[in-house]
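As the structure lists them, so they are numbered: ligands from 1, and atoms in each ligand from 1.
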Amino acid sequence: MPAQHAVKVCVRVRPLSPSGPRKTRSCILTPNGTTLTLTDPTAAMASSAILGQYANVEGKSEAYQRQYCYDHVYHPDCPQSTVNETIGVSVLKNSWDGRNTCVFAYGQTGSGKTWTMLGDEGGLVKFILDGLWRAKEDVEVEQKSEAAPMDLTTFNFGCSYIEIYNGQVKDLITNTSPLKVREHPTLGAYAEGLSIVRVQSYNDVISLMRSGNAARSTRSTKANKRSSRSHAVFTIIFEQITVRDSGEGGEVRRRSKINLVDLAGSERVKNTGATGGGLLEANHINKSLSALGDVIKSLAKAKTSNQTALGAFVPYRNSVLTYLLKESLGGNSVTFMLACVNPAVESFEETLSTLKYADSAKKMVTSVTVNESVKKGKTSGDVAKLMMEVERLQQEKEEMLQIMQEVIATPSRHQQQQQHEQLPPPQQQESHHEKIAHQQQQYVSIQTPARKARPNTDLPIPVLVNLNPDPMFTEKIRYELIPGVTTVGSHETNDVVLEGESVQDRHAVVSYEPQTGLLMIANFGSAATWINGDKVPVKQNGETCTVTLKDGFRIGFGKQHIFRIELNGEEIKADYEFAMREMELKGWGAFGKGEAEGPDASMMNSSVINDVGTVLDVVKLAEEEEVFQEQQRQRQQLMQQQQQQQGMEGLPEEFEEMFREMEVPSPTVEDHLQQQQQHPPETSDDSSDTVPYTSNLQSPKDHPKPVADDILNTINSKLADFDEQLARVNEEEKRVRTDLLKVGVNTPQQQNLGRPPSGSGSGSRSGLLPHQNPEHDSPFSIYGYNPAAVARAQGGSGIIGTPGARDTSRSESELEFMEYERAVQQQQRVSPTGSEAVTVVLNADGVREELNRSFVDKNRAAIDSLRREIRNSPDSFDNMIDEIMGSDSPVAKAMEMESIMKSPPAMMDAPKENTFETSTPGFNAPVVIKTAEMKREEARKRMRERQKMRASSGVK
Ligand SMILES: Nc1ncnc2c1ncn2[C@@H]1O[C@H](COP(=O)(O)OP(=O)(O)OP(=O)(O)O)[C@@H](O)[C@H]1O
């Protein structure tokens, strides 16, 4: 949407010339902020008749003065930088945003236009160029930095430099003239053939500008030693191209055109003394400036009469200058009019004219748009997808190339034919068996029924060869019809397993007798079997029919499977197409559609049907075969079970037998019981020899031996007692934990009770070890005790080991204790309250029982092994016990423990009464140990006291 921009009008008053006549040094302009007061020296002079008083206009009558107000007024002492920072910065900002900008420097000759625009001491053009380049470089540096923006912007700079001299356009860069001015329907007027030079660096553009300045038409006039005799337009085309990697992606192009116009100075011919060529120049200059004035007036008028600049008539075409700068004057441009004036008294008329021009220009309004085009493009994600797609296509291309190369390398069908013809015919070189073998090698699959061994005979074995519509698969499967019966059907127990439509579980049976060469086929039930296109009759007179097969016969099973019989290697072989044609002709095509099915099939009158008398034999044979197979399956299952028991699963049969002979099964309880059953103990002197293999192991429960039973009962009852003890200990633990809670020591959940700390031995229950429950609120989540800790506390040593180092000189319990102390120390360090008094109530019975239980647990494996030994040698049980009980072995200890658990002694070495202080840092508070005995004693004491009290009070 275009925005209305009023043309910014600025006036620069040049300093008075230090040289020249006195009059020249008289000032008629008084700047004050943005206003400028012009004094008419003639009127003032006439009024006051005071000559030489014009320097100060204050106190003069308003009749001699006119005030003008502008956007900026630069007084004579204003440095160039002030102009740059106002007009120049505004031009830069608008251009960066993509708006066209234009600066006209207008004024009489010698008023300082060129000085302001192109002056060597930093004119406006140089400032704008410098500003653009610095901004560009800042962006480029930012884009190269680590914190680079996602979008990438590149810049294009182009510049052109023309002059309009005597109404003609000259390219100051290429020094070519005149250039024709044409009008483009959308771009407007342009100088045909104008060079727009793409500049890469700031220095490039400055040198271009200077060379253009040098090429410009100048002349020395009375007013200016080096007066510009032409209008010069220096144009910068500035383009920013931003490839967006953010947002919707795509590309944004911003383009702005900066027209910097240094107009030729208007002049009064009589003042400049122009003659000849100078006069012509002056006329052209004045004419064009007059046209410019007309355009400005028209545009101002259009604004005041509320007409749009485009709607009102504006005489742009009246001069090349206005024609070429049409857009900058009344179109899409942010335009600055810089009027340069000379404050000298003799320049009054020119200054007045310039100020009036400038005043009119204030009313000019342009319609400005941002020159931005957005190309919707691909985001980086899209680009990534495209890259992947390209990669995939390349891969596909490579594959295709490879295939093509292979195709090229592969001989054509014709070439293959030729190669084949060159080879000697295989029949001439091979015997019949070699031929069969050779043929077999060419087949993908040769099926020989697994349950049948291929007979070692020279007699030919007929083969069922598959026929398939696809040449790739035809004749690739061969089923050897081993002498005897071959069953065909979809069930996996058949010799030839065929799946698919209309193939029955038991479909057909083929019998072959090599001695007679008789090959016959018969259907099971109502199965559809086809021989050379004829359907085999299901039954005739209630009996199944058989068909004698011959070499080359085609057989169809159901609707899908077609085979050919190969027996003697017939030269002429029917292929799939032949078989199909024949079958379709004879009724195959109607099969499955309710036609030609049933007993009235087409083969009823066929010559290949055998006598009905032979049918029963074949079917009976097949049924017998089925029974045999069932028995085989059962036998195999049984064998597999035996193999599993013997660990011989998967061994070849010949090895199985060998292993059976060698195998000495490890004596399991069941084996021994079995052995005892077969060989009673009284005659078992030599029974320790090889245990004969039997596949009929019976459960010992079925044949119990009274002695073994007793032993088992004894062990079981011991275990039951033991379990009872364990339950009691658990109860005791619970009670201790409750006591601990009562005195303020937190305990973990039951499931954590008795779990050893990691690394203290799996399965061990040696004492209630310190355990920190991570879910517990208190940092003092210590519970229970460690028996070794008690002993250590009594001994008072409490040495803390080095963390992590395994001290082999210490017992496991000592190390555990040290772990415990370390844990306590760690807890102590994180305790918010520091040392706390903790009373731990210990139960001596619990200590003892826990010790025992732990020991038994640890030696559980040994006990189990002992139990097995007892079972296996029941006679020597008592002796073994005696022997074991007298030894120091773990087993003996375990047994002893079991015995203790059964009838525990009154007390172990727990203290009768003790109060002590632990040496554990942080636990200096007294720890009172009260044993169960102590408690009982206390209870008895209380009882006695109560009895005494009752006795003394007379209460019974
Ligand atoms: N602001 C200024 N400060 C100092 N000197 C100035 C200033 N403006 C102009 N001059 C002096 O005035 C002389 C003439 O200025 P300049 O050539 O810029 O005038 P001009 O308007 O371009 O004239 P022309 O139209 O004839 O080309 C310069 O050589 C310079 O010395």
Side-chain angles (χ1 to χ4, degrees), residues 10-20 24-25 27 29 31 36 72-88 103-127 161 163-166 170 172 209-210 212-234 260-274 277-290 292 321 337-344 346-347 349-351 353-355 357-358:
C10 312
V11 177
R12 185 176 192 186
V13 183
R14 60 153 288 177
L16 284 169
S17 176
S19 58
T24 309
R25 286 181 274 125
C27 182
L29 287 170
L36 192 62
H72 286 285
V73 174
Y74 306 104
H75 60 82
D77 298 330
C78 252
Q80 177 67 31
S81 59
T82 309
V83 180
N84 293 343
E85 282 159 18
T86 47
I87 299 175
V103 181
F104 282 102
Y106 175 84
Q108 73 172 109
T109 182
S111 61
K113 300 181 296 293
T114 306
W115 175 274
T116 303
M117 295 298 283
L118 300 163
D120 283 347
E121 296 172 18
L124 200 55
V125 175
K126 208 173 170 189
F127 174 83
Y161 202 1
E163 72 168 4
I164 302 166
Y165 175 71
N166 290 345
K170 180 184 178 184
L172 290 174
M209 190 185 75
R210 281 189 180 148
N213 286 345
R216 198 172 166 193
S217 306
T218 56
R219 183 187 295 270
S220 179
T221 63
K222 277 187 185 174
N224 190 355
K225 280 184 191 168
R226 187 180 160 78
S227 175
S228 307
R229 311 312 295 155
S230 64
H231 309 299
V233 183
F234 186 81
L260 301 166
V261 187
D262 178 20
L263 294 169
S266 58
E267 63 183 72
R268 280 179 294 169
V269 175
K270 64 171 183 181
N271 286 354
T272 55
L279 188 61
L280 181 69
E281 287 167 2
N283 284 338
H284 273 290
I285 292 167
N286 288 341
K287 202 176 157 191
S288 62
L289 288 177
S290 171
L292 178 64
L321 175 73
M337 190 66 78
L338 175 64
C340 294
V341 288
N342 190 340
E346 69 271 19
S347 297
E349 283 183 25
E350 288 84 359
T351 301
S353 169
T354 303
L355 291 179
Y357 250 117

For this session: Look at ligand 1 and say whether Arg12 reaches it with a heavy atom at a distance under 4.0 Å.
Result: yes
Exercise. With a 4.0 Å cut-off on heavy atoms, is Ser111 touching ligand 1?
Worked result: yes
So is [X] polar-close to ligand 1, meaning N/O to N/O under 3.5 Å?
| X | value |
| --- | --- |
| Thr109 | yes |
| Gly110 | yes |
| Thr116 | no |

Exercise. With a cut-off of 4.0 Å, which atoms of ligand 1 are near a heavy atom of Gln108?
Worked result: 21 (O)
Exercise. Can you list the ligand 1 atoms lying under 4.0 Å from a non-hydrogen atom of Gly265?
Worked result: 25 (O)
[X] (side chain) donor-acceptor with [Y] (main chain) under 3.5 angstrom:
| X | Y | result |
| --- | --- | --- |
| Ser288 | His284 | yes |
| Ser111 | Asn342 | no |
| Lys113 | Ala105 | no |
| Arg14 | Cys340 | no |

For this session: Answer with side chain, backbone, both or neither: which part of Pro15 has a heavy atom less than 4.0 angstrom from an atom of ligand 1?
Result: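 Side chain only.
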Problem set entry | Shortest heavy-atom approach to atom 21 (O) of ligand 1 - which of Arg14, His231, Lys113, Arg216 |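 Considering heavy atoms of Arg14, His231, Lys113, Arg216, the nearest to atom 21 (O) of ligand 1 sits in Lys113.
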For this session: For atom 15 (O) of ligand 1, state which one of Ala232, Cys78, Gly112, Gly107 supplies the nearest heavy atom.
Result: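 When every heavy atom of Ala232, Cys78, Gly112, Gly107 is considered, Gly112 comes closest to atom 15 (O) of ligand 1.
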For this session: Side-chain contact test, heavy atoms from C-beta onward, threshold under 4.5 Å: evaluate it for Leu292 versus His231 and give yes or no.
Result: no
Exercise. Testing Glu85, Lys126, Arg12 for side-chain hydrogen bond (donor to acceptor under 3.5 Å, both in side chains) with Gln80, which one passes?
Worked result: Arg12
For this session: Say whether Thr86 and Tyr74, considering side chains only, have a donor N or O and an acceptor N or O under 3.5 Å apart.
Result: yes
